[in-house]
J.: 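Handing you this structure, nothing more for now.
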Amino acid sequence: MSEIQVGRSDSLSDSSIPNPFFHRVTVSALDKLQILVMSVTVFPLRAVLLLVCLFLMWIASTIATYGLTADRKKPMSGWRREMKIIVRSLIRGVLFACGYHRIRVVDSSCHLPGVSKTRAPIVVGAPHTSFFDAIIMFACEDFPTGVSRIENGEIPFLGVTVKFTQPVYVMREDRMSRQKTIGELKRRATSDDSWPEIVIFPEGTCTNGQSLIAFKPGAFIPGVPVRPVVIRHRNRMNTAYWTWDGPGAYTVMWLTLCQFSTEAVIERLPVYVPNSDEKRDPKLFASNVRKVMAESLNLPVSDHSFEDCRLMLYSAKLGLPSATGVLEFQKLTRKLGVQYDDVKALLEKFSVLVKNGKGQITLEEFGSYLELPVSDSLRQLFLLYDRNCSGTIDFREYIIGLHLVSQPANTEDVIRLAFELFDEESKGYITEPELVKILHTAFGMSKSNTRELFRHVDLNEDGKISYEEFKAYSEKQPEYAKLFLTYQQLMKSENATNSTIGKHETASKKNS
């Protein structure tokens with residue numbers, strides 16, 4: 001049988017960018033010795049210094065916030081504002097205790113003629129690779145504020161410092177929280193009051209810094225100028241990176257404190273003033289700012305997003321490798337229109353298909369899922385899903401296959417045509433012998449599997465399948481529609497080939 005040609009869309013091709021949420025610390029024998037020695041010598045001293053700085057910071061923040069309410073609508077002034085100098089110095093002490101002996105600040109805008117050096121209402125930082133990022137920004141910028149969960153204000157010792165920064169609070173239990181947060185960002189950004197700059201990390205999560213993932217539009221919705229700031233951490237073992245698939249927070253802190261020294265470099269890029277199109281379209285604004293920052297860092301951009309992280313966690317919960325959920329979610333949303341809840345439901349379905357624990361479906365597993373033996377029709381359908389011809393289908397290929405192969409084929413006309421094929425006598429329903437006959441002949445399905453399938457489709461258990469039951473099952477399992485069309489194409493191809501051979505044989509007989 002001839003193969004059906006499989007088209008491939010470059011726009012949905014596999015990303016060449018490594019998983020941005022994966023990081024490992026490579027430790028040599030010499031590194032292990034260093035960590036061992038410093039764990040019992042330098043680490044305790046640094047830990048004590050860290051606690052002292054945190055305690056003094058708590059005292060200073062408590063004094064500065066005495067008598068203030070959390071919902072204050074005006075920036076701090078007078079002596080309270082001056083207290084920021086003390087708190088900022090103590091934050092720098094915290095970083096020193098963590099091994100950040102040198103923090104270098106580079107102001108690129110100073111070298112560009114005609115560029116405004118004025119402060120922007122919002123500062124966007126990237127790549128967001130560590131919990132150290134926010135601490136560094138508070139120590140090196142003019143004591144900015146940020147966006148924080150309201151629960152962070154209740155953290156022992158640190159909570160009072162969070163309140164002192166007067167952040168824009170997010171309340172997750174409030175359904176209107178997102179709108180309120182954006183409203184407060186707009187109010188502060190356009191206010192005549194001397195509010196501090198608002199620091200936002202638009203990636204929304206931590207990565208390994210090898211690319212810039214999709215920026216969330218929140219920081220760009222106000223449509224005001226933003227100041228991009230790029231951050232880099234440098235030590236010999238790259239211990240500062242805190243990712244979803246990597247060392248935990250305590251391990252990152254311990255390993256960083258056991259380094260001789262860690263350097264941070266902050267580069268302030270020129271203030272980015274949005275044009276009229278960018279003010280109307282926050283996503284365009286975010287994309288263009290990301291492009292500027294990526295060029296400064298000499299890094300690629302990717303369509304990974306925070307939703308990929310959520311799917312990574314859910315993959316692990318379902319017993320799959322966490323990397324199964326890394327899809328470049330933003331690209332799939334843009335190209336296929338899929339939403340997070342839809343993909344999460346498909347991930348649950350996919351986990352049932354996978355039997356090898358590797359997060360990929362083999363041809364045999366695909367057939368087992370459809371309760372079909374391996375046949376030419378099944379192979380052709382499998383090839384349509386297996387976009388990189390690896391011999392397996394990963395979760396990304398499965399989603400693309402469903403949306404570009406199976407679901408478009410699962411039309412009312414195709415379902416009606418398939419039903420009429422099974423309903424040989426046009427009775428308006430399908431009997432079990434009819435289903436067994438067609439599926440066994442066309443796809444080699446065993447009689448026991450066919451009877452089991454019949455019971456799944458026959459919802460009211462009346463011994464026959466109505467069109468409504470047939471359609472409901474077809475919509476639930478769209479792979480069958482494409483399988484049916486593939487079988488038709490193969491049969492037409494085979495019949496055409498047989499017809500051509502027959503004509504040649506007839507012509508040969510006449511000539512002889």
J.: Determine whether the aromatic ring centres of residues F329 and H304 are separated by less than 6.0 angstrom.
T.: no
J.: Please check if the side chain of E278 supplies one atom and the backbone of N275 the other of a donor-acceptor pair under 3.5 Å.
T.: yes
J.: Below 30° counts as parallel, above 60° as perpendicular, anything between as tilted: where do the rings of Y100 and H233 land?
T.: perpendicular
J.: Distance from F382 atom CZ to L384 atom CG, nearest 0.5 Å?
T.: 11.0 Å
J.: May I have the list of side-chain donor-acceptor pairs in residues 339-350 shorter than 3.5 Å, sequence neighbours left out?
T.:
residue	atom	partner	partner atom	Å
E348	OE2	Y314	OH	2.4
K349	NZ	Y369	OH	3.1
K349	NZ	K476	O	3.4

J.: Scan side-chain atoms only and decide if Q166 and R188 contain a donor-acceptor pair under the 3.5 Å cut-off.
T.: no
J.: I would like to know whether K291 and F215 meet side chain to side chain contact (heavy atoms under 4.5 Å, CB included); could you show each step before the answer?
T.: CA-CA 10 Å; K291 182 179 178 182; F215 280 11; over 6 Å; no
J.: Could you check whether any side-chain heavy atom of V123 comes within less than 4.5 Å of a side-chain heavy atom of P144, counting everything from C-beta outward?
T.: no
J.: Counting only N and O atoms by type, is there a donor-acceptor contact under 3.5 Å from the side chain of D303 to the main-chain atoms of Q330?
T.: no
J.: Determine yes or no for a side-chain-to-main-chain donor-acceptor pair under 3.5 angstrom, with R268 supplying the side chain and V229 the backbone.
T.: no
J.: What are the two closest non-hydrogen atoms of T392 and E397, and how far apart are they?
T.: O-OE1, 3.3 Å
J.: Between CG of L332 and CD1 of I400, what distance do you get to the nearest 0.5 Å?
T.: 5.5 Å
J.: So E307 and L327, do their side chains get closer than 4.5 Å, heavy atoms only?
T.: no
J.: Keeping the roles fixed (side chain from D394, backbone from R396), state whether a donor-acceptor pair exists under 3.5 Å.
T.: yes
J.: Do the non-hydrogen side-chain atoms of F132 and T262 ever get within less than 4.5 Å of each other?
T.: no
J.: Tell me, with the steps shown, if L257 and M38 meet side chain to side chain contact (heavy atoms under 4.5 Å, CB included).
T.: CA-CA 8 Å; L257 264 66; M38 295 191 73; over 6 Å; no
J.: Taking all non-hydrogen atoms of both residues into account, name the closest pair between A120 and V226 and its distance.
T.: CB-C, 3.7 Å
J.: So V124 and F220, do their side chains get closer than 4.5 Å, heavy atoms only?
T.: yes
J.: Within the side chain of S305, is there an N or O that forms a donor-acceptor pair under 3.5 Å with the backbone of A214?
T.: no
J.: For residues D31 and T26, report the shortest heavy-atom separation together with the two atoms involved.
T.: OD2-O, 3.8 Å
J.: Please state whether the rings of H101 and F96 are parallel, tilted or perpendicular, taking 30° and 60° as the class boundaries.
T.: tilted
J.: Quick one: do the T239 and W254 side chains pair a donor with an acceptor below 3.5 Å?
T.: no
J.: Check for me whether the distance between the ring centres of F143 and F164 falls short of 6.0 Å.
T.: yes
J.: Taking S287 for the side chain and K283 for the main chain, is one N or O donor matched with an acceptor at less than 3.5 Å?
T.: no
J.: When you look at Y272 and F285, which way does the side chain to side chain contact (heavy atoms under 4.5 Å, CB included) test go after all the steps?
T.: CA-CA 10 Å; Y272 191 106; F285 188 7; 3.5 Å; yes
J.: Going by atom types alone, do S130 and D133 pair a side-chain donor with an acceptor below 3.5 Å?
T.: no
J.: When you measure from the side chain of Q34 to the backbone N and O of L30, does any donor-acceptor pair fall under 3.5 Å?
T.: no
J.: Distance-only, no hydrogens or angles: does the T145 side chain make a donor-acceptor pair with backbone N or O of T165 under 3.5 Å?
T.: yes
J.: Write down the atom of V252, the atom of P247, and the distance for their closest heavy-atom approach.
T.: CG2-O, 3.8 Å
J.: Please check this pair: side chain of R290 against backbone of V301, looking for a donor-acceptor N/O pair closer than 3.5 Å.
T.: no
J.: With rounding to the nearest 0.5 Å, note down the distance linking CZ in R102 to CG in L95.
T.: 15.0 Å
J.: Testing the basics here: between A139 and I91, what is the closest heavy-atom pair and its distance to 0.1 Å?
T.: CB-CG2, 3.8 Å
J.: Using distance only, find each side-chain donor-acceptor pair of residues 199-209 under 3.5 Å and give its atom names and separation, not counting sequence neighbours.
T.:
residue	atom	partner	partner atom	Å
E203	OE1	H128	N	2.7
E203	OE2	I213	N	3.2
T205	OG1	W244	NE1	2.5
T207	OG1	G209	N	3.2
N208	OD1	Q210	N	3.0
N208	ND2	N19	O	3.0
N208	ND2	F22	O	2.9

J.: Do you know which two heavy atoms are closest between A294 and L212, and how far apart they sit?
T.: N-CD1, 3.6 Å
J.: Can you measure from CE (M253) to CZ (R46) and round to the nearest 0.5 angstrom?
T.: 12.0 Å
J.: Is it true that a side-chain atom of T62 and a backbone atom of W58 form a donor plus acceptor pair closer than 3.5 Å?
T.: yes
J.: Hey, are the side chains of S211 and L299 touching, using non-hydrogen atoms and a 4.5 Å cut-off?
T.: no
J.: Starting from the C-alpha separation in whole Å, work towards a yes-or-no answer on side chain to side chain contact (heavy atoms under 4.5 Å, CB included) for E328 and S302.
T.: CA-CA 7 Å; E328 281 197 293; S302 78; 3.8 Å; yes
J.: Report the distance from atom NZ of K358 to atom CG of L320, rounding to the nearest 0.5 Å.
T.: 14.0 Å
J.: Could you grab the distance from atom CZ of F21 to atom CG of D245, nearest 0.5 Å is fine?
T.: 11.0 Å
